[in-house]
Structure formats: C-alpha cells, structure tokens
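The block underneath contains the structure these notes are about, expressed in structure tokens.
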Amino acid sequence: MPSSEIERISQLLKDDVSIESIRRVRDNLIKEKSTVEYQLNKQAKARFQDAQSCLQLMTQAQRNMKSLKNDLQKVDHLSKENRSSIERYDIINDATRLHELLDNTMTIHQKILQFNDFINELELLLDHELSQDALESGCPNLLKIHFMITMARDFHDQMTTLALISSVDVQTTMSKVFQKVPECVEKFNKLISDITYDIIEAVRTENQSLLIRLFKVIHVEECEDIKIIATRNIIKAKELEFESKKMKKLSNKLQTLDDEENKRIEYPTPSAIAAEITKGTIQTRTQPRGYKNMFLSTIKKGIHEMFIEVRKEYNGEKKFEVLNNLDWVFNELIVVRDHVSKLGPTHWRLFDRYFDFYYEEIHQLITELVASEPETIIILDILDYDKNFQNVLKQEFGFTKDKIKTIIGENEKEQLLSDYLTLILNKMREWIDNLEKTEITIFTERSSPPHVDSDNWLFLDGTKTCFQMFNQQVEVAAGSGQAKILVGVVERFCNLLVSRQEVWAKIINDQVQKCIQYNHFCEENPESVTKENAFPGGLVEYLVAAANDQMKAADYAVAISQKYGSYVSKVHERTITAQIENTLDGFAYVAKCATSGICQLIFDDLRRPYSEVFDKSWYGGNQTQQISSTIQEYLNDIKDQMNPFIFFSMIETAVEETLLKYVQCLKYDHSIKNKGNKFLDCVRRDFKIFYQLYAEYVPPEEMSMVDERFKFAEYFIDLCCDTQESVLETWRLCLETYWDCPLELLQHILKSRKDVDKSDMKKILAQAELIQSNPTRLSQLKTMNLPPTFIRRF
C-alpha cells in the first residue's frame, strides 16, 4: 500500500480510534475501491471498443487498397491491349489530341471575345449588392455572383498560366483582357466580408437564408481548394520523380549544380500546370483561393474590433467596470450554438471557432487588467468573473471538466492569488502595526483603568478590533469562492497573530521587570522618587485584562475556524484548523505570561517575609500568615475581574510559586533545628496555612491540582526531618513523582541540617546522584515523555 494511503488512513483514525471508526473507514475504502474498479472497467471497455473499431477500419482500408490496385491493373492491361490491337494507334492518338487542341483554341477565342461583356455584367451585380445593406436586401444574387466570379477567375488562372509558357506578346494581351478581374475579386471579397461581419445579426433579423448561401459559397470554395491542392501535390511529385531520374544520368559535379538549381525552382512549375490544363486534368482554378481562412479571419477580426470598442468604452478609472459588462459574450455564443452552427457544415465546428476567438480576446482583456496591478477588491472581482465564466461554460454550454478553461490562465491565476495575498498581508500588517502601537501606548502609560464587560471582567479594546479586521478579510475571502484565497488569508493573518503574540509577551515581561525594578528602587531610595520618574500604576489590572483578552481571542479564532472551515474541502479545512490551533497555543502562552507576571509582582512584594523563613524569628513568628494574607488580598481583588479559566491557571502558577519560593529560602543558609521537632512543627504549620489559602479558591472537584503540588511538601519534610538512613529512600520516592527534581535541592537541605556533616553529605549526594542518573530510569523517562515539574526551577 502506498505511504500516502497509509497516512490518509492514519488521519481518518487519528481523532477516534475505535472498532466502529475502523469499520467505517474500511467501508469507505471498499466503496472507493469499487468506484475506482468500476471506472477502470468502464474505461477499459471504451478503449477496447475503440481499438476494435480502428482494427475494422484498417481492415476495410486494406481491402479498398487491394480493390483499387486490381482496378488499376485492369485499366493498365486494357490500355496495353488497345494500343496493340489498333493499327496506327499513335497516329490516331496524335490526331485526336490535335483536334482537341484546335477545339480548345476556338473555345478560348470565343470566351475572350465575350469576356469583357461577362465581366461588365458581373461588375454591375457586385456594385448593386455592395450599394445595399446585405441584411436588408438579403443579397439575392450572392450565388449567381459567386458562380460568375468563379468562372471569371478560373478562366483568368488558366489563361495566365498558359501565357507564362508563351511569348511576351501573349502575356501582355492576357493582362489587358483580365485587367478588371482583380477589381471584381476585391469587390467580391468585400461583399463576403461584410456578410461575415453580420453573421450574428443575420440570425437575429431572421435572415438565415443569407447565411445558408454564404456558407454554401465558402464550402464550395473549401472543396475546390482541397482538390487543387491535391492535384498540385500530385503534379509536383511527378515532376520531382522525373527530375530525380534525370539526375541519376548526370555526373556527380553536374548533379551538384542541378541540385542547387532545383532548390531555387518552385514545384509544380507553370509548364507542368499548363500541360495538365491542356490535357484537361485541370479545368477550374490553378491555385487555392483560401476563402475558408478568409471567412474565419474575418470572424476573428470582427470580434477583435468589438473588444477594441469595449476598451474605448471602459478605459481609465472605468476599466475594471468591464468585468460586470461582458454578459453579451455569452449571448453571442448562445446564438452561434443554437443557430449559426446548425446552418454551416458540421466539420467547421463553428461554435468551437467562435468560442476560441472570444476566449482569446477575453483572456487578453483580463490579462491586461491583471497586469495593471489592481486593488484587492478588483482581484477578487477578476477571480469571481473567472469562476462565473467556468460555471457558465459548464451549466449553459455543457462543457465537460476537461474542456473547461480558466479565462485568466493557470499561471496568471496563481500570480493573481499571490498578488492578492501579498496586498492583503501588507494591509493587514499595516493595520496590526498601527493597532499594536496604540495598544502598547495604552498598556504602558495606563492613564485610565481597563474596560469592564458585562461579566465584570477587565478587557482592552485591541483584541476585539484585531479580530474584527480578521473576520472582515476572511468574510471577503470566503465570498470570493476561492479556497486558496480563504486558506491564504487565514494562514497569513494567523502568522500576524503569532507575531503579535510575541510582541505582547515581550511587552508584558518588560513591564513586569520594570515594575519590579521600580519597586526595588522605591524601597532603597524613597527620597529619589518623583512624578517625572514614577512608574505608572495599575499594571496588575492591565495584566488581568491582557490575560482575559487572550481567552476572548482564542474564542474568536475557534469561531472563525468552525465557520469558515466548512466552506472548503477537507484538505483545506485541516490547513485552516492547524493554523488556528497554532495561534491558540500562542494565546495560551501570552495569557501564561500575564498570569506569571502577576505572580512575579505578588511574590516580589513578599520578598521580606520570605527572607525570614527558616531563621530564628520564624519559629515563633507570623511570616507565613503574612505571606498568605497578602496573596489572599491579591486573589480577592483579581478573582471577580478575571476569566475563571485563566484565574484557575493563575492559581496553579501561584501554588507552584508559593511552594518554590518557600523551599528556596534554603539559600539563606538557615540551620534546620530538628531538636524537639521545632522545625517539623513550623513547616507543617506553614504548609497547612498555604493549603487552606488555596482551598478557598479551588473547587473541590479541582483540588487534585493543589494536592499534586503539595505532595512535594511531604517529601520536603521527610528530607529535612527524617534520619540520615531514610534520606535516600525518600529521595528515590521523590524522583518517582518529581522526576526532574534537581540534586541541588537535596544538597541545600543536607547543608542546612545540623545532624549531617560534610563527609556524610558527600556520600549521600553521590548515592543520590547515582539514583537520579540510573540508565534504566533515564530510558524509561525518555519513553514516557513527561512534562517538566515546577520544582525543576529550584
């Protein structure tokens, strides 16, 4: 099975791996397999029938060739018998040819005498028809004129060819006789062109008889051209064969000269054509006249001129309005399909010709619009026109999928999509940049408190404004019906959101650090604090608002994914979902930065009571209660202003930070007094105060989160208060839960214990390190892929 199919099956099973889902996937694959087998069988039968038909045609052609060969052999046989059976055959044959020549000469002479009157009559008919509107008059003499102009031109062609092998006097005489023919031909061509220009109008004015006669004229001309082309090719082949035989008799040098001479000769030569005229093989024209090509060229030229007028009508600022005014093209094509094509020969494929001409002109027009670097809305109009164009071809004209063509061109379409996305990206980047400048100014200056919504939660304006922009552009992209544009807009905006999240994370961290530095400065130099160097207050409230905004942003993003994902195929839907999910991670990160920032501010405010933990005053002091009360004040102020989901996340961070800050008080090198269980009682007292603090804010069903963190308190107490012999076992148990607990923690505990000397500490740490770095343990951890614990930050 191809890897792509395996990936596809994996994707289908990714979300819901169950027997029912596997059965459903299996059934779908069986259905797809049956469909593919049916299509293959159908195509195989069709190809087999085509092959059989071709074989039958080839067999019939072979029979026809054999029959023709037998007939030619019979003719040759009869010719030889006649020659041998008739006495003096050559003399009789020459006499007959001489008689025919005299008879033809008399006929030519008679035609020359009458030619002037004939051409004058033709000229009068042409002038009469050209003086009238063919649509109004119906051009009743068209077939007569064509018959006469054909006779005149046939006679002209034959006499001119014969004159070329005669004297100069004969050539001069012939040019005088036929001097009016070119003018008549020019008039006839104009008459044909005028009628051809008005083909569509002739149908609309119910003048179908005119078109039937026009098509008859062109069809006759086409057939006669085919005949003369074939005749000339045969004459040419005979001449070349004769020349080839002659060259074989010459020397190599002379043959080379003759080869160069033959390259300059155009075959068939006038003498060969004249010989066939004399024999009677050629009785009409001597050259193809190309009226079929002229007919099609005139149609193409007429369509081109219509589009020249369209460009004149829609130029300058109006040029893009043409997209809404091209319906007449389809109306013209409908007339061609329903009426014109039925009046002409089937093999002309008139509708296909007209469609190709119109397609070429519209394609050129659209290409010019694309090249003029249109705005985004115009690009969508162009793409929308292209989509409508293809829909009309399918619905109105029955084009199959393989015959439907984009009016823009695949490469141009891809470039247009790219241009649109580039323009949108530039505009969105400009909007986001302006929004960020305003947001950052408001966030850093904090001249007024954040807004309050109906739930009494704090928020800032930026997120709502940002997603209004996003939603507008996605709405426009979805309305275009172009899946690539919709996916591209979502992808690019999501990239901008990720960049915006990075900016917000940086700003939040910078403001938190500046606030902490300012607080330290105020404590150390209170007399130096002035209005000019004062740090704006309200940072906690703004951090709450920023965190709330990330939750709203996530909701907005999910809503966009759910709404517009259904507009596109499953492949594009997965792309949109993946892009949105990427931004959700970013929103969660920024919210975490905000809640972590609040916790940093809270615990920086508690530096002093934390610094006294484990010292002499701590055993009988209230430092822990002071810490708890301060945290409680902050949480009470924040709880009603923050989204509950984010508040719970912040509580999680606060619990970890509370315990971590508490344990890190070992850095002050206070001695652990185990005598009389004083240390043990105080530590238990502190952990109980902290536990009761957070139990107030965490629902009973979520207390497992607090319990998991406070589990570390038990290991900490055991490591600090148990006997030396129990330390390693406790350490092993601690690593089972807090797998990344640093060895430095144990080192600080042992260093603070009075009952452990340096020698014992080294032994215990060495054995503890062996437990921690055990290869089996490390291998298991690698396969488990566990998330880091809070204690690793010790």
Side-chain angles (χ1 to χ4, degrees), residues 592 596 599 613-614 624 648-667 672 674 677 679-695 698-753 755-756 759-794:
K592 187 70 174 177
S596 298
C599 289
V613 172
F614 303 149
T624 306
F648 181 79
S649 175
M650 192 186 78
I651 290 293
E652 184 178 354
T653 303
V655 170
E656 293 177 353
E657 203 67 21
T658 301
L659 295 174
L660 191 61
K661 293 289 185 186
Y662 187 86
V663 174
Q664 286 188 159
C665 291
L666 293 169
K667 69 182 178 181
I672 295 175
N674 286 330
N677 291 330
F679 183 84
L680 175 62
D681 292 340
C682 290
V683 171
R684 285 177 173 172
R685 173 202 68 196
D686 292 348
F687 285 138
K688 182 178 180 181
I689 290 172
F690 290 144
Y691 188 86
Q692 290 174 343
L693 164 68
Y694 290 112
V698 178
E701 64 272 13
E702 300 290 348
M703 278 301 292
S704 60
M705 180 272 292
V706 179
D707 293 339
E708 288 174 4
R709 271 67 180 175
F710 272 84
K711 179 72 176 175
F712 180 76
E714 299 177 17
Y715 295 127
F716 179 74
I717 291 173
D718 290 344
L719 289 172
C720 291
C721 302
D722 256 0
T723 61
Q724 292 188 36
E725 292 76 14
S726 304
V727 168
L728 290 174
E729 179 61 20
T730 303
W731 174 250
R732 186 184 61 77
L733 293 174
C734 178
L735 288 177
E736 288 181 2
T737 306
Y738 300 93
W739 61 274
D740 53 355
C741 182
L743 189 64
E744 287 79 6
L745 172 67
L746 181 59
Q747 180 182 355
H748 276 76
I749 290 173
L750 295 175
K751 185 179 179 182
S752 300
R753 287 181 58 160
D755 60 334
V756 179
S759 175
D760 291 335
M761 184 176 72
K762 287 182 180 179
K763 291 179 182 178
I764 294 171
L765 289 176
Q767 291 176 311
E769 186 176 10
L770 288 174
I771 294 172
Q772 189 177 40
S773 59
N774 183 280
T776 303
R777 174 180 176 272
L778 294 177
S779 177
Q780 291 175 345
L781 289 175
K782 189 174 182 181
T783 58
M784 295 170 70
N785 195 25
L786 297 170
T789 66
F790 74 94
I791 202 63
R792 78 176 297 179
R793 294 187 284 116
F794 174 82

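To the nearest 0.5 angstrom, K661 atom NZ is 10.5 Å from C599 atom SG. Interatomic distance, D722 CG to Y715 OH, rounded to the nearest 0.5 Å: 13.0 Å. Remark: Y691 OH to T658 OG1 distance equals 14.0 Å, nearest 0.5 Å. We find the CG-CG distance between L750 and L743 to be 9.0 Å, quoted to the nearest 0.5 Å. One finds the CD1 atom of I672 at 12.0 Å from the SG atom of C682 (value rounded to the nearest 0.5 Å). In this structure, CD on E714 lies 11.0 Å from SG on C734, to the nearest 0.5 angstrom.
Looking at heavy atoms from C-beta onward, L735 lies in side-chain contact with C741 at the 4.5 angstrom threshold. F679 is listed as a side-chain neighbour of C721, based on a closest heavy-atom distance under 4.5 Å. Residues K688 and R684 form no side-chain contact, since every pair of their non-hydrogen atoms from C-beta on lies 4.5 Å or further apart. The closest side-chain heavy-atom distance from L660 to F712 is not below 4.5 Å. In this structure the side chain of F716 reaches within 4.5 angstrom of the side chain of I749, judged on heavy atoms.
A donor-acceptor contact closer than 3.5 angstrom is absent between the side chains of S779 and T776. Residues D686 and T624 bring a donor and an acceptor atom of their side chains to less than 3.5 Å of each other.
In this structure, A768 and L728 approach most closely via the heavy-atom pair N-CD2, 3.7 Å. Between M761 and Q747, the shortest heavy-atom contact is SD-O, 4.0 Å. Y694 and A654 get closest at one heavy-atom pair: OH-O, 3.2 Å. Closest approach of L719 to R753, counting heavy atoms only: O-NH1, 2.8 Å.
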What verdict does the side chain to side chain contact (heavy atoms under 4.5 Å, CB included) test give for E702 and I651, after you've listed the backbone C-alpha separation in whole Å, the side-chain angles of each residue and the deciding distance to 0.1 Å? CA-CA 11 Å; E702 300 290 348; I651 290 293; over 6 Å; no

Evaluate the criterion side chain to side chain contact (heavy atoms under 4.5 Å, CB included) for residue pair V698 and E652; output intermediate values, then yes/no. CA-CA 9 Å; V698 178; E652 184 178 354; over 6 Å; no

Taking it one step at a time, do Q767 and W731 satisfy side chain to side chain contact (heavy atoms under 4.5 Å, CB included)? CA-CA 10 Å; Q767 291 176 311; W731 174 250; over 6 Å; no

Assess the residue pair L746 and V727 against the criterion (side chain to side chain contact (heavy atoms under 4.5 Å, CB included)); give the C-alpha distance rounded to whole Å, side-chain angles, the decisive distance to 0.1 Å, and a yes or no. CA-CA 9 Å; L746 181 59; V727 168; 3.8 Å; yes

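Y738 places no side-chain N or O within 3.5 Å of a backbone atom of L733 that could act as its donor or acceptor partner. Judged by distance alone, with hydrogens and angles left aside, the side-chain atoms of N774 form a donor-acceptor pair with the main-chain N or O of R777 at under 3.5 Å. For Q724 (side chain) and D755 (main-chain N/O), a donor-acceptor pair under 3.5 Å exists by modelled atom type.
Heavy atoms of other residues, nucleotides or ligands lying less than 6.0 angstrom from CD of E769 number 12 at most. Counted within 6.0 Å of NZ on K592, heavy atoms from surrounding residues, nucleotides or ligands total more than 12; the atom is thus considered enclosed.
Looking at E708 and K711, no side-chain N of the basic residue comes within less than 4.0 Å of a carboxylate O on the acidic one, giving no salt bridge.
Residues Y662 and F614 bring their aromatic ring centres within 6.0 Å. F710 has its ring centre no less than 6.0 Å from the ring centre of F690.
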Under 3.5 Å, which donor-acceptor pairs do the side chains of residues 784-793 form with other protein atoms, sequence neighbours left out?
from : atom 1 : to   : atom 2 : distance (Å)
T789 : OG1    : D740 : OD1    : 2.3
R793 : NH1    : E657 : OE1    : 3.4

